[in-house]
Amino acid sequence: MFDIDRWQEIFASIRSNVLRTVLSGFTVALGLYIFIVLFGIGTGLQNAFTQGFARDAQNLISIFTGKTSIAYAGLQENRSVTLRNEDYEEILAADPEKIEYSAPRNNASYLVKYGKESGFYQISGTTGEEIYIENRKMTNGRYISPGDLDRRLNVAVIGRMVQRDLIKDGSPIGKDLNINGTMFKVIGVFSDEGGGDWEERTISIPITTLQQMKKGSDSLDRIYITYNQILSPAEALKYSDELQKQLKAKHKVSPDDENAIIVRNNAKNLGDTFQFMFILTLIVGFIGMGTLLAGIIGISNIMVYIVKERTQEIGVRKAIGAKPSSIVGLIIQESIIITLISGLIGVGLGVLTLSLIGDSLEKYFILDPSVGWGIILAAFFCLIMSGLIAGFVPAYRASKIKPIEALRSE
């Protein structure tokens, strides 16, 4: 391995057979390059899909109402059904161990003023656990606390875009906003990357305060629950079905009515999501392995050709006393060197391509395409080993040929 004469001989062979070396190396580099780019694009598709799916908590259950479509229990159809505070409290009391976070929601659209700036914004009456359900991050201050709810305080947590629109200078914490004629003190600013600008133009206040502003109303627009993540998707779906039955029975809604009380459970989509991701991974993996296999076959074919071309050279070596092991070692070492250098070139070009792509293909649902170094090293190792085997098999066969037969070959 560390024989200087052998290394000189190898590089002399490479210099004297440039085309042969380039063809051998091109197959390896192209195989790794295509493998890395394809895997990177597949990862980009997975990233885009995951980001789109995970805007809110993945274990989210949303409950809202509409109008009845079936007459039931002496009540007519087309009757509006409204959620109340007591519905939310009964849900929490029924199976608290199955609930991770929960938040009632009452919405309003009010004119909001600060100094000379003003605009209509969605006002979300809710509780502090909304921050987990909406996957929000605090950039300044704090979120709604139980004390704010109990005392019905006029405090507000504003989205990042609300701050940009209204409070242009200085920290917004402690500033007063005029919301529909009532003064609210800003206690925090949040960002919501998944929801984007629309969510960040929302103002959250204690639900008790908003209901008081609505003349003591106890109605709710929605109830959000994230189920305990120890539940399987099947158990989570069973739990949401139980919630729907509970609410339908209380509000005297037909069990067959699908419009009056709607319960949406992300667990229903979770199984489909995992299946899609699994199939996508299999497809990308299949294409990637096919590319590697094509590279391995290419190396094998070229090495067979190289050994056949050097048959007379092998005969001369054997005639002057070279051992079969030295002949095999020489060819294998040359094969590994070509594979190693070409593989590094392929890896470098593949990683560079993915880096240049970046997020430029986001409109095609390819986000941050990349490949882990573990996968790259595994693919690189496979090609090195294939180069070793591809060089060994024909070289071993050639080393067994008698010198006189090798010298006669053309």
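Note: hydrogens, waters and symmetry copies are ignored here, and every other heavy atom, side chains too, is used. Given the structure is predicted, the values throughout are model-derived calculations rather than measurements.
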Regarding [X] and [Y], is there a side-chain donor-to-acceptor distance under 3.5 Å anywhere?
X	Y	answer
R136	S191	no
T182	Y110	no
Y143	E129	no
E258	S69	no

message = Once ring pair (Phe, Tyr, Trp, His ring centres under 6.0 Å) is applied, what residue pairs with a partner in residues 180-217 remain, sequence neighbours excluded?
response =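 For residues 180-217, and leaving out neighbouring residues, there are no ring pair (Phe, Tyr, Trp, His ring centres under 6.0 Å) pairs at all.
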
Would you tabulate the side-chain donor-acceptor contacts of residues 237-246 under 3.5 Å, counting partners in other chains and residues two or more places apart, or write 'none'?
{"unit_1": "S240", "atom_1": "OG", "unit_2": "L237", "atom_2": "O", "d": "2.9"}
{"unit_1": "S240", "atom_1": "OG", "unit_2": "N265", "atom_2": "ND2", "d": "3.1"}
{"unit_1": "Q244", "atom_1": "NE2", "unit_2": "I261", "atom_2": "O", "d": "2.9"}

Got [X] and [Y] here, is their nearest side-chain heavy-atom distance under 4.5 Å?
X	Y	result
T68	N259	no
L166	Y121	yes
K98	Y227	no
R152	P206	no
L111	S118	yes

query = With sequence neighbours excluded, what pairs up with Y101 under the ring pair (Phe, Tyr, Trp, His ring centres under 6.0 Å) test?
reply =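 Testing Y101 for ring pair (Phe, Tyr, Trp, His ring centres under 6.0 Å), a comparison that skips the adjacent residues, returns Y132.
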
query = R201: what forms a side chain to side chain donor-acceptor pair (under 3.5 Å) with it, not counting sequence neighbours?
reply =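 Applying side chain to side chain donor-acceptor pair (under 3.5 Å) to R201 gives D165.
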
request  = Apply side chain to side chain donor-acceptor pair (under 3.5 Å) to S217 and list each qualifying residue two or more places apart in sequence or on a separate chain.
outcome  =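 For S217, the residues satisfying side chain to side chain donor-acceptor pair (under 3.5 Å) (neighbours in sequence not counted) are S219.
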
ask   = Got a sec, which pairs hit salt bridge (charged side-chain N to carboxylate O under 4.0 Å, His left out) with one end in residues 172-182, sequence neighbours left out?
value =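 For residues 172-182: D176-K185.
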
So for atom [atom1], which belongs to [X], do other residues, nucleotides or ligands contribute more than 12 heavy atoms lying within a distance under 6.0 Å?
X	atom1	result
E97	CD	yes
K168	NZ	yes
F26	CZ	no

request  = Could I get the full list of salt bridge (Lys or Arg N to Asp or Glu O under 4.0 Å) partners for R142, not counting sequence neighbours?
outcome  =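 R142 satisfies salt bridge (Lys or Arg N to Asp or Glu O under 4.0 Å) with D148 once adjacent residues are dropped.
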
[X] side-chain N/O to [Y] backbone N/O, donor-acceptor pair under 3.5 Å:
X	Y	answer
K113	N178	no
N266	N59	no
T65	V81	yes
E117	Y114	no
T43	S370	yes

task = Report the C-alpha separation of R105 and S124 in whole Å, then their side-chain angles, then the decisive distance to 0.1 Å, and conclude whether the side-chain hydrogen bond (donor to acceptor under 3.5 Å, both in side chains) test is met.
result = CA-CA 7 Å; R105 174 75 67 81; S124 172; 3.0 Å; yes

[X]: partners by side-chain contact (heavy atoms from CB on, under 4.5 Å), with sequence neighbours left out:
X	result
A379	L32, F35, L292
N140	S171, P172, I173, V189
F286	none
L75	R79, K252

Distance in Å, D192 CG paired with M161 CE, rounded so as to fall on 0.5 Å steps =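 Going from the CG atom of D192 to the CE atom of M161 covers 12.5 Å.
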
message = Rounded to the nearest 0.5 Å, what separates atom CG in N106 from atom CG in L210?
response =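 N106 atom CG to L210 atom CG measures 5.0 Å (nearest 0.5 Å).
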
request  = Check I375, I376, V371 against W373 for a side chain to side chain contact (heavy atoms under 4.5 Å, CB included) and give me the one that passes.
outcome  =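 For W373, the side chain to side chain contact (heavy atoms under 4.5 Å, CB included) check succeeds only for I376.
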
Only distances under 3.5 Å count here; give the side-chain donor-acceptor pairs of residues 83-95 to other protein atoms, sequence neighbours excluded, each with its distance to 0.1 Å.
{"unit_1": "R84", "atom_1": "NH1", "unit_2": "D218", "atom_2": "OD1", "d": "3.0"}
{"unit_1": "N85", "atom_1": "OD1", "unit_2": "Q211", "atom_2": "NE2", "d": "3.0"}
{"unit_1": "N85", "atom_1": "ND2", "unit_2": "Q211", "atom_2": "OE1", "d": "3.2"}
{"unit_1": "E86", "atom_1": "OE2", "unit_2": "K250", "atom_2": "NZ", "d": "2.7"}
{"unit_1": "D87", "atom_1": "OD1", "unit_2": "K250", "atom_2": "NZ", "d": "2.9"}
{"unit_1": "D87", "atom_1": "OD1", "unit_2": "H251", "atom_2": "NE2", "d": "3.3"}
{"unit_1": "D87", "atom_1": "OD2", "unit_2": "R84", "atom_2": "N", "d": "2.8"}
{"unit_1": "D87", "atom_1": "OD2", "unit_2": "H251", "atom_2": "NE2", "d": "3.1"}
{"unit_1": "Y88", "atom_1": "OH", "unit_2": "S102", "atom_2": "OG", "d": "2.8"}
{"unit_1": "E90", "atom_1": "OE1", "unit_2": "K250", "atom_2": "NZ", "d": "3.4"}
{"unit_1": "E90", "atom_1": "OE2", "unit_2": "K250", "atom_2": "NZ", "d": "3.3"}

inquiry  = Do the side chains of E200 and R164 get close enough for a salt bridge, i.e. N-O under 4.0 angstrom?
reply    =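 The answer is no: the pair does not qualify as a salt bridge.
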
